[in-house]
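To keep things clear, I will list the structure first and then write my remarks on it.
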Amino acid sequence: MSHSQLDLNQSVQSELEVTVETALEVGLTADEFSLICQKLGRIPSYTELGVYSVMWSEHCSYKNSILQLKTLPRSGGRMLVEAGEENAGLIDIGFGYAIAFKIESHNHPSAIEPFQGAATGVGGILRDIFTMGARPIAALNSLRFGELDSPRTKYLVKGVVHGISHYGNCFGVPTVGGEVYFDHCYTDNPLVNAMAVGIVKVGETCSAISEGKGNSVMIMGSSTGRDGIHGASLLASREFDEKTEDMRPTVQVGDPFAEKLLLEATLELINSGCVIGMQDMGAAGISCSTAEMSAKGTCGMIVNLDAVPLREQDMSAYEIMLSESQERMLVVVEKGKEHIAIDICKKWDVPISHIGEVTEDELIHVFRHGKKVAELPAQTLVLGGDAPVYVREKKEPEYLKSSANMPALEIKAEEHSGIILDLLAQSTITNKRWIFEQYDSQVRTNTVTIKGDAPVLRIKEIDGFGIALSTDCNSRYVYLDPYKGGMMAVAEAARNVACVGAEPVAITNCLNFGNPYDPEVYWQFSEVIRGMGDACRALKTPVTGGNVSFHNESQKHAIFPTPTIGMLGLIPDLAHTVGAGFTESDIIIALLGWQEGGLDGSELLKMKTGKIAGNAPAFSLEREVALQQTIISLIRSNAVLSAHDTAEGGLAIAIVESCLAQGIGAELDLPFEENANNLFGEAQNRIVVSIRPDQFGNAKAIADKAGIPLQELGKTGGHTVSGKTFSIALSDAHSAYMDTLSKILS
């Protein structure tokens, strides 16, 4: 039956009888079911109930988080669209170009089916970028797993890494950076956060909007199947339990080769001028794209599900509306220009079907087999519309009363050499080349280097111009002090791009937490948001958007609060960048910043006692702002040869990592070396730099003017890293640092 033959005046029919029990089964509450009945003025049909269940899930509606998120700085700076307005953030980099970037989670699917869960996470975030008209130029990730002595962890690591590499490599986007942590709390619930970055001309982006009565609603890309049904409402919006394995069918299946064709067709469609608006069909599939595009344009749609290409012809309206099959776009095409869209899609061998048209009544009319199965006010479905918003109870966690107590730890100076080697072999610190060597980091030839604290990419469209990117969060710090840890996550991400010479300009975030209905979890969440907001305002890095992922927990425990930060930095001249490694012998090693001791929250404390305790390490936001401005000035004035921030393992590990980069040793003279708190403490606001002797005076003058300490620590050279209390052969350090993960996972 054609769209013109559909009877808009017929009553809505339901496939099944709907009761409050039905609503509970699909993840809604009794109160929410009552609210739906009130808004519709009747009991919803089964298809309508399904649509509300996904659209009012935390994953789509942010009902438990949006009020907190609105306290973050969500506009200003170089931002071209306010956070949440489009599929991804958009930053003006000058010269008529903009960078689109975003990070999202695919945690629960990856726990159940690690290969497909991770692969489709990459595919989804890439679509968010090119749906806006931007061509993807880079991908990054942030991964968290349980301890590596668990067979399940090894299985998850291998599956996730394979999924990321398979999708990214086949699609043809370089995976240039990321981070990997291992902690027991992630055993049952790993975190897979995927970030993508693209470039687009300013003014040539496409909006996720529908408008214009009579314009055509079309679906392009892969056929719709039963994979991913209720992925948003049930899988991504509940914790793991004994029924988790039964939810394997809710995990989507990806096809990177289909997505590559979809990319090219999408960009050409947008450039052709026939497109009114476009949105990726990610979480909640057709339900989400039709509702959100209509609500944004204050219009409605007629949707004929009989015209949707299906993999299985017996699919119900409920299944079609809720399917999260991958590699699909909903596109509104200007009436009379449908042939342009069809011809472009035919060129790229991308299926496209006319499934409906735009109306003015702000209702989503859904038909299956000629029967109206849903008639939904678009505004009642969406974030920012009439979807419910909650303020949850908050309570300071009980664990903070005991976690602040540091266990006794006595370390003798003669232990320092062994500790350094042991720390280098710790799963969180040790080199992750077994993982990143599976990713193609050079495809498209934009990658300048991945060997610094942040990867650097050239922007070919602007001569000499580049960007730096990072994903960062030490969740142990956040666990010990959520407010301070939230600040530190933003600061570390910014510090890493600053250490290659880039100016931090904006963030995207992926906020991974436990059950928001737990007052202690919600307190963590609100404190992290408060810390992130303060740091973003101080560093002038507004939030462009991102993702909230709640319910990351098993029956036994929740994960550490993990606010992963994706940072974008700009490099006006690629001639002024540095790496993290020492580049030559007989140059000065120095510490830029403030030396403070303390083993709170440190890798050494965890290694020696098995405990994560104390307060978060020493950190000052005011100092951090000055430090980052100073390191950027030093790099751009050619005063330093390398820069590497101190992170897990503390100062000693930072120096050894810089030595290992090119196999150049170090002779150190550290005035505070005898105390392990100074060598292995993880205080922030510090960067290890290397400086040619004839440039040290210039560097010192720049640092002094900014009020930043610059302290000589020794010089480079030889085949050992030696101080008063330790001496490590570079060969032994290399073996511990470079080979540990490969031996465990191979």
Legend entry - salt bridge (charged side-chain N to carboxylate O under 4.0 Å, His left out) evaluation trace for E48 with R42: CA-CA 11 Å; E48 289 174 328; R42 55 179 170 79; 2.7 Å; yes
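In terms of modelled atom types and a separation under 3.5 Å, the side chain of N215 and the main chain of V332 share no donor-acceptor contact.
For the pair T544 and M79, the minimum side-chain heavy-atom distance is below 4.5 Å. Residues I219 and P309 are in side-chain contact: their nearest non-hydrogen atoms beyond the backbone lie under 4.5 Å apart. With a 4.5 Å cut-off on side-chain heavy atoms, L363 and P377 count as touching. Side chains of V217 and M293 form no contact here, defined as non-hydrogen atoms less than 4.5 Å apart. Under the 4.5 Å side-chain criterion, counting only non-hydrogen atoms from C-beta, N304 is not in contact with E357. For the pair S294 and T359, the minimum side-chain heavy-atom distance is 4.5 Å or more.
Across Y517, Y62, F525, a single residue satisfies side chain to side chain contact (heavy atoms under 4.5 Å, CB included) together with F550, and that is F525.
Each ring-ring contact (aromatic ring centres under 6.0 Å, His included) pair with one or both residues in residues 298-345, not counting sequence neighbours, appears once here: Y46-Y318, H230-Y318.
Remark: K260 does not engage E327 in a salt bridge, criterion side-chain N to carboxylate O under 4.0 Å. The pair K296-E292 does not count as a salt bridge, with every side-chain nitrogen at least 4.0 angstrom from each carboxylate oxygen. Under a 4.0 Å N-O distance rule, the pair D306/K371 does not qualify as a salt bridge.
In this view, F101 satisfies the ring pair (Phe, Tyr, Trp, His ring centres under 6.0 Å) rule with no residue, not counting sequence neighbours.
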